[in-house]
Amino acid sequence: MQQDAVVEAIAALTRRALSHPKGAPDELIFTVQALKASVETIPPLPVTVAQTQNPNQARSRLAEELRHIGLSPAPVLSLLYGVTAMRGAILLDADTLRRLEPDQERGVRASCMDWPGPRAERKEHALEALCLASKVAHCPWIVGELCISDDPDYTTGYFASCQRGYVRIPHIKEPNSPRGGRIFLYRGRQEDVGACIRWLESRPILVDMR
Ligand code: PML
Ligand code: MG
């Protein structure tokens, strides 16, 4: 039964990758691992929707969210709006503004999270992002996350943190823009960066979306 579910999940992911709006993939890589740690179940972040009508308003809203968590927006936003084509997120020290990813081309990929229940065949941007953002906000060293989708035709982004919840931000970029990426804001000791990255990449989390 579980084996059938693994086969079906890989088939569904393959179909999805082959019909991605960014075109045909160069390669598909799947990793199937037995879990070593127990799975933690967490609630999703509460969702609100900003009333932004265009990219300027969206950028101002992101700035406002950064100020709420005590950060100066300009350097964080210029980094976010400069990102294209990273597989993972930028891990940014919220206090020193130093980038902490060991490989800056790849970034840090939040992974190993899911929600129980059926899945649509095509990418469900908002649900998948809420699942990821809920895991990331739950990470002990992360104080906030900013996201612009790198899918050219998807123009809703978000800011997320435990304090502010999941704030959807419509019209964050112009349609057909290749721009997009994520920033995870880190607060902690330099010697804990490795533990934070392992937590984001491999701690198994279920987000109870019901
Ligand atoms: C939303 O609709 O709530 C934001 C979704 C962001 C999707 C990011 C991505 O493409 O991975
Ligand atoms: Mg993407």
Side-chain angles (χ1 to χ4, degrees), residues 12-30 42-55 57-62 64-66 76-77 79-92 101 103-115 119-139 142 144-162 164-185 200-201 205 207 209:
L13 287 168
T14 305
R15 284 193 290 272
R16 178 169 137 167
L18 295 177
S19 59
H20 197 280
K22 284 166 78 177
D26 298 329
E27 58 179 346
L28 299 179
I29 302 170
F30 297 102
I42 62 169
L45 290 171
V47 178
T48 53
V49 185
Q51 301 303 306
T52 46
Q53 313 287 341
N54 57 52
Q57 290 180 3
R59 193 172 172 133
S60 303
R61 179 57 189 252
L62 278 177
E64 205 183 295
E65 293 300 331
L66 286 166
V76 181
L77 293 183
L79 192 56
L80 177 71
Y81 281 85
V83 189
T84 40
M86 272 179 76
R87 285 181 55 217
I90 291 173
L91 185 64
L92 188 70
E101 320 93 86
D103 174 349
Q104 292 198 354
E105 228 172 286
R106 173 184 182 274
V108 171
R109 248 181 113 71
S111 187
C112 243
M113 67 270 163
D114 206 345
W115 68 91
R119 207 54 26 110
E121 187 87 336
R122 293 192 69 83
K123 179 165 176 177
E124 300 172 276
H125 287 86
L127 269 182
E128 290 175 23
L130 177 60
C131 178
L132 182 150
S134 299
K135 171 175 177 175
V136 170
H138 192 64
C139 177
I142 300 296
E145 179 194 348
L146 301 94
C147 171
I148 299 175
S149 176
D150 59 355
D151 289 357
D153 52 356
Y154 199 83
T155 60
T156 301
Y158 67 88
F159 176 86
S161 71
C162 280
R164 302 286 299 161
Y166 181 91
V167 185
R168 300 190 72 202
I169 305 182
H171 307 292
I172 204 160
K173 68 175 186 180
E174 302 290 353
N176 301 318
S177 159
R179 161 176 294 169
R182 283 187 160 89
I183 297 181
F184 301 152
L185 296 165
L200 291 166
E201 296 197 330
I205 296 280
V207 182
M209 302 280 204

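What you see below is based on every heavy atom in this structure, not just the backbone, and it leaves out hydrogens, waters and symmetry mates. Both ligands and their constituent atoms are indexed starting at 1 by order of listing. As the structure is a prediction and not an experimental result, all values here were calculated from the model.
- Near the Mg ion (ligand 2), less than 2.8 Å away, sit the protein N, O or S atoms D150 OD1.
- K135 places a side-chain N or O within 3.5 Å of a backbone atom of L200 that can act as its donor or acceptor partner.
- Because its NZ or CZ atom is both nearer than 6.0 Å to the ring centre of Y81 and within 45° of the ring axis, R59 counts as a cation-pi partner of that residue.
- Tested against L91, the residues L185, I183, I142 include a single side chain to side chain contact (heavy atoms under 4.5 Å, CB included) partner, I142.
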With the criterion set at N/O pairs under 3.5 Å, what does the list of contacts between the protein and ligand 1 look like, atom names and distances included?
unit_1: ligand 1; atom_1: 2 (O); unit_2: Y154; atom_2: OH; d: 2.5
unit_1: ligand 1; atom_1: 2 (O); unit_2: R168; atom_2: NE; d: 3.4
unit_1: ligand 1; atom_1: 2 (O); unit_2: R168; atom_2: NH2; d: 2.6
unit_1: ligand 1; atom_1: 3 (O); unit_2: Y166; atom_2: OH; d: 2.6
unit_1: ligand 1; atom_1: 3 (O); unit_2: R168; atom_2: NE; d: 2.7
unit_1: ligand 1; atom_1: 10 (O); unit_2: K123; atom_2: NZ; d: 3.1
unit_1: ligand 1; atom_1: 10 (O); unit_2: S149; atom_2: OG; d: 2.6
unit_1: ligand 1; atom_1: 11 (O); unit_2: K123; atom_2: NZ; d: 3.2

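- Residues that satisfy the salt bridge (charged side-chain N to carboxylate O under 4.0 Å, His left out) test with R87, not counting sequence neighbours, are absent from this structure.
- Residues forming a side-chain hydrogen bond (donor to acceptor under 3.5 Å, both in side chains) with E101 (at least two apart in sequence, or on another chain): R99.
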### Query
Could you go step by step and tell me if I42 and I205 meet the side chain to side chain contact (heavy atoms under 4.5 Å, CB included) rule?
CA-CA 7 Å; I42 62 169; I205 296 280; 3.7 Å; yes

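- Checking side-chain atoms of D103 against main-chain N and O of R106 turns up a donor-acceptor pair under 3.5 Å.
- Between the CG atom in L132 and the OH atom in Y158 there is a gap of 5.0 Å [rounded to 0.5 Å].
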### Message
Between L80 and V76, does the side chain to side chain contact (heavy atoms under 4.5 Å, CB included) criterion hold? Intermediate values first, please.
### Response
CA-CA 6 Å; L80 177 71; V76 181; 5.6 Å; no

